[in-house]
Number of protein chains: 2
Amino acid sequence: MPRESASLRHQVEDFLRKAIASGQFQAGQKLIERELCELTGVSRPSIREALRCLEAEGLIVIVPHRGPTVASIGVEEARQIYAVRALLEGYAAQEFARLATPEQIGQLEAAFSDLEKATRPRSRGSLADAKAAFYGVLLAGCRNDIVASVLAGLHTRVNVLRMTSMSRKDRLPTSMIEIREILTRIVARDPDGAREASIAHIEHAARVALDVLARREIDAALPPTTKTRRAPRRTPD
Amino acid sequence: MPRESASLRHQVEDFLRKAIASGQFQAGQKLIERELCELTGVSRPSIREALRCLEAEGLIVIVPHRGPTVASIGVEEARQIYAVRALLEGYAAQEFARLATPEQIGQLEAAFSDLEKATRPRSRGSLADAKAAFYGVLLAGCRNDIVASVLAGLHTRVNVLRMTSMSRKDRLPTSMIEIREILTRIVARDPDGAREASIAHIEHAARVALDVLARREIDAALPPTTKTRRAPRRTPD
DNA sequence: GATTGACAGAATGTCTGACAATTTCTCACG
DNA sequence: CGTGAGAAATTGTCAGACATTCTGTCAATC
């Protein structure tokens with residue numbers, strides 16, 4: 001008797017999370033409870049509970065008597081998120097370098113190896129997974145679950161952007177070099193170096209992402225004039 | 001026509017938050033939905049929504065089919081929270097020193113002045129408010145709402161401990177000196193100094209708090225032997 | 001013609017009552 | 001004294017209903 005039933009509410013959460021991440025529900029879109037009931041086949045109370053959880057995660061915004069809408073992210077908010085990410089991921093790398101076990105360092109090297117494989121032209125698609133795995137090892141080894149949970153929360157917020165448009169291709173090689181530097185510093189048991197490499201990586205990513213976001217906001221601000229269909233911009237990391 | 005109605009669910013949240021913070025609901029205690037209905041006079045759906053929100057805040061833990069319990073905090077988790085607080089509050093102080101307006105610096109000085117008044121023997125009771133006000137100014141001026149919201153979340157988690165036992169008296173003077181140092185560095189527009197002073201403050205507080213917590217856990221681990229009624233320990237900050 | 005006002009529709013906030021599924025407690029039994 | 005089966009308690013979920021509040025339309029007025 002396989003247990004696929006992980007609480008209807010939770011299933012609804014996952015469903016909505018994926019729908020938002022995949023762009024099926026666009027940013028700013030209104031979510032009507034009744035429609036979600038029909039869409040998922042569950043009743044309103046369960047839907048509402050799920051919506052509360054997603055609101056707490058920052059994935060949707062609920063204003064009283066106006067209902068939930070898919071959260072959108074502005075350039076200023078993104079800047080702030082990247083600033084916090086730099087702090088926390090830098091700390092994670094530093095602490096990993098300081099007190100990870102040799103076995104954990106081995107895991108990190110393996111994860112990086114997988115990541116490199118995933119970047120090769122053929123095997124695209126699992127790149128996001130490989131990156132997640134790498135960071136999973138890093139966060140597990142830094143001995144701070146709080147950092148991991150906060151970062152997870154921030155990640156879902158920026159992911160709202162990401163799925164709409166995947167990582168920029170031309171940034172990938174640079175990104176890999178930066179990550180390799182983090183790994184190198186960690187293997188050398190150099191906490192400060194690892195932190196700085198990690199921060200540098202995030203700051204680079206932030207620069208690209210914020211640039212893209214800023215353009216998008218400008219485009220959105222003046223829609224009637226220039227119909228110049230720009231090639232779809234991509235956000236990194 | 002005064003508007004006291006801020007969504008029943010929200011009122012329930014506040015009620016539970018206060019009940020937990022004030023120790024009316026002790027850590028680890030089971031919260032039964034039906035009882036909360038009778039206690040608050042609202043129906044189960046609303047109660048459940050409120051519980052989901054509190055769970056997301058980390059104030060309660062809900063395990064499937066076993067119901068919600070008031071979250072407790074261990075010494076290891078506390079250590080991690082303090083580590084993150086040091087990072088974020090240090091960043092906030094640094095950024096405040098870097099780019100707060102003169103007016104905001106004035107507000108911070110005023111808030112510190114209020115804080116000093118609140119520490120004087122007579123006017124206890126508003127000390128927590130004064131401290132909150134000081135940090136409110138700091139977080140408003142650092143230009144990063146994300147930092148503020150994450151810190152708010154962490155704060156509610158450690159507050160579960162705090163209300164059980166207030167700030168240690170003998171630590172208060174030291175604490176004020178540390179905070180004054182933060183202010184001094186900020187007024188001097190010294191970002192690095194402000195960050196370091198802020199981190200030092202948190203680390204001192206953490207040391208005391210973790211010490212207290214560790215004792216408490218040891219006491220709890222062997223209750224039958226020594227009935228030595230230790231003077232109630234207090235947690236700082 | 002544009003602005004304003006009222007009205008109808010829609011959507012949320014909330015309640016009641018109920019039932020299924022699961023956990024936990026109790027108590028008799030080996 | 002441990003163990004297992006049954007009963008009670010609790011959570012998970014549903015359906016339907018009603019009050020309150022927002023939204024958009026249409027008519028009346030300036």
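First the proteins, then the strands, lettered A, B, ... as listed; each starts at 1.
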With the criterion being N/O to N/O and under 3.5 Å, what pairs connect the protein with nucleotides 5-10 of chain C, and how long is each?
none

Protein-nucleic acid N or O pairs under 3.5 Å, nucleotides 13-17 of chain C:
unit_1, atom_1, unit_2, atom_2, d
C:dG13, OP2, A:R48, NH1, 2.7
C:dG13, OP2, A:R48, NH2, 3.2
C:dG13, N7, A:R44, NH2, 3.0
C:dT14, OP1, B:L8, N, 2.3
C:dC15, OP2, B:S43, N, 3.1
C:dC15, OP2, B:S43, OG, 2.5
C:dC15, OP2, B:S46, OG, 3.0
C:dC15, O5', B:S43, OG, 3.3

*Would you mind building the protein contact string for nucleotides 4-9 of chain D? One character per nucleotide, 5' to 3', B for base within reach (heavy atoms under 4.0 Å), S for sugar-phosphate only, - for untouched.*
------
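Among the heavy atoms of the strands lying under 4.0 Å from B:L31 are primed sugar atoms or P, OP1, OP2 only; no base atom is included.
Between B:H201 and B:Y135, the shortest heavy-atom contact is CD2-OH, 3.6 Å. Shortest non-hydrogen contact noted between A:A83 and B:Y91 is CB-OH, 3.4 Å.
Exactly one of A:L51, A:L54, A:I47 qualifies for a side chain to side chain contact (heavy atoms under 4.5 Å, CB included) with A:V12. That residue is A:I47.
Rotation axes derived from the C1' atoms of the five outermost pairs at either end of the helix from C:dG1-D:dC30 to C:dG30-D:dC1 lie 20° apart, to the nearest 10°.
Taking atom CD of A:E38 as the reference point, atom C1' of D:dC14 lies 16 Å away to the nearest angstrom.
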*Verdict with reasoning, B:K18 to B:Q24, per side chain to side chain contact (heavy atoms under 4.5 Å, CB included)*: CA-CA 8 Å; B:K18 276 174 194 153; B:Q24 196 173 333; over 6 Å; no
*asked:* Working note: A:I20 + A:I60, criterion side chain to side chain contact (heavy atoms under 4.5 Å, CB included); need CA distance, chi angles, decisive distance, verdict.
replied: CA-CA 9 Å; A:I20 292 174; A:I60 64 176; 3.8 Å; yes
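With sequence neighbours excluded, no residue forms a side chain to side chain donor-acceptor pair (under 3.5 Å) with A:E55.
Taking the charged nitrogens against the carboxylate oxygens, A:E95 and A:R143 have no contact shorter than 4.0 Å, which rules out a salt bridge.
Looking only at distances, no side-chain donor or acceptor of B:E89 sits under 3.5 Å from a matching main-chain atom of B:I202. A donor-acceptor pair is defined here as one N or O able to donate and one able to accept, closer than 3.5 Å; no such pair exists between the side chain of B:E13 and the backbone of B:C53.
The stretch residues 65-76 of chain B participates, sequence neighbours left out, in these side-chain hydrogen bond (donor to acceptor under 3.5 Å, both in side chains) pairs: B:E76-B:R79, B:E76-B:Q80.
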